[in-house]
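One is the number of the first residue; the rest follow in order along the sequence. Order of listing sets the numbers, starting from 1, for every ligand and every atom in it. Remember, predicted model here, so these are calculated numbers, not experimental data.
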Amino acid sequence: MRLTRINDIVLHHRLTATPSEGPVVVFINSLGTDFRIWDETVARLAGECATLVYDKRGHGLSDLGDAQPSIATHAADLVALLDHLAIKRVIVCGLSIGGLIALQLYASRPDLIQAMILSNTAHKIGTAQSWNERIEISETKGIAAFADGVMEKWFTPAFHAERADELAGYRNMLIRQPVAGYVAACRALASADLTQTAQRISVPTLCIVGDKDGSTPPALVRALADLVPGARYEIIDGAGHIPCVEQPETFTALISAFIRSQSSGS
Ligand SMILES: O=C(O)CC1=CCC(=O)O1
């Protein structure tokens, strides 16, 4: 693990050893999570490609900074992190708000992106009203006031019934998230619309969604895939909003095949 000052904030990140060949895949986490959500994916990809995970600004161990960050601020942080690590080209995999950051990275620095994996995300997520309501409850009552509702969106009923310990742990991850960082991300989401960027993408793109995603449902992710020229669209059965946690084997198999197809050019 590394803690590095970038763009005037400390960013928490971890780069696995770079194999001599093969791409670097960078993973961008979702609202209210930190980079531990990628643990199973990173472990399964070991030996196949290098992986970079990091806690975006205001999440996990990373600082928030003084000003309200936009999606563009988050993308600029990733540009600076890649620069710091001397990484010139990546396959970017963004979950939810992480997908918006990936799209923004493409808008500002397409030269850095070899291919994109957009998991459980969309060109626009929620409405200004829905995010403002969440901000208000976060600031007045705390994240715990709506955490159970969020868990219903993140994970399927089967996960709730059969994996109670993991559910408790991920609920803890959400409610221990600093409110200021959470609210700042909600504000960034409220004004983000990456529709035009999605329409301009000219790198191979894979869109993934859980069949029971309550935050970015299949129809919304399908709409994103329809915007991106030539994008592939895959549904993972038995997953909610965070398939890398709920169905890591299927999730990794999908992205692994996509990564291999980038190396072989198929
Ligand atoms: O918390 C949620 O509802 C899920 C979510 C929306 C944007 C994001 O990053 O996570």
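With 3.5 Å as the limit, one finds no donor-acceptor pair spanning the side chains of His241 and Ser30.
Between Glu48 and Arg260, at least one side-chain nitrogen of the basic residue sits less than 4.0 Å from a carboxylate oxygen of the acidic one, meeting the salt-bridge criterion.
Panel note: side chain Asp34, backbone His59; no donor-acceptor pair is recorded below 3.5 Å.
In summary, of the residues considered (Thr16, Val42, Ile28, Leu82), a side-chain contact (heavy atoms from CB on, under 4.5 Å) with Leu52 occurs for Leu82 alone.
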Extract all N/O-N/O pairs under 3.5 Å that connect ligand 1 to the protein, and present each with both atom names and the distance rounded to 0.1 Å.
{"unit_1": "ligand 1", "atom_1": "1 (O)", "unit_2": "Arg134", "atom_2": "NH1", "d": "2.8"}
{"unit_1": "ligand 1", "atom_1": "3 (O)", "unit_2": "Arg134", "atom_2": "NH1", "d": "3.3"}
{"unit_1": "ligand 1", "atom_1": "3 (O)", "unit_2": "Arg134", "atom_2": "NH2", "d": "2.8"}
{"unit_1": "ligand 1", "atom_1": "3 (O)", "unit_2": "Ser215", "atom_2": "OG", "d": "3.2"}
{"unit_1": "ligand 1", "atom_1": "9 (O)", "unit_2": "Leu31", "atom_2": "N", "d": "2.9"}
{"unit_1": "ligand 1", "atom_1": "9 (O)", "unit_2": "Ser96", "atom_2": "OG", "d": "2.9"}
{"unit_1": "ligand 1", "atom_1": "9 (O)", "unit_2": "Ile97", "atom_2": "N", "d": "3.0"}
{"unit_1": "ligand 1", "atom_1": "10 (O)", "unit_2": "Ser96", "atom_2": "OG", "d": "3.1"}
{"unit_1": "ligand 1", "atom_1": "10 (O)", "unit_2": "His241", "atom_2": "NE2", "d": "3.4"}

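Inter-residue side-chain proximity for Arg44 and Pro248 is flagged as met; some heavy-atom pair is nearer than 4.5 Å.
Here Val209 sits in one hydrophobic cluster together with Val221, Tyr233, Ile235; the rule is ILVMFWY side chains under 4.5 Å apart, joined directly or through other members.
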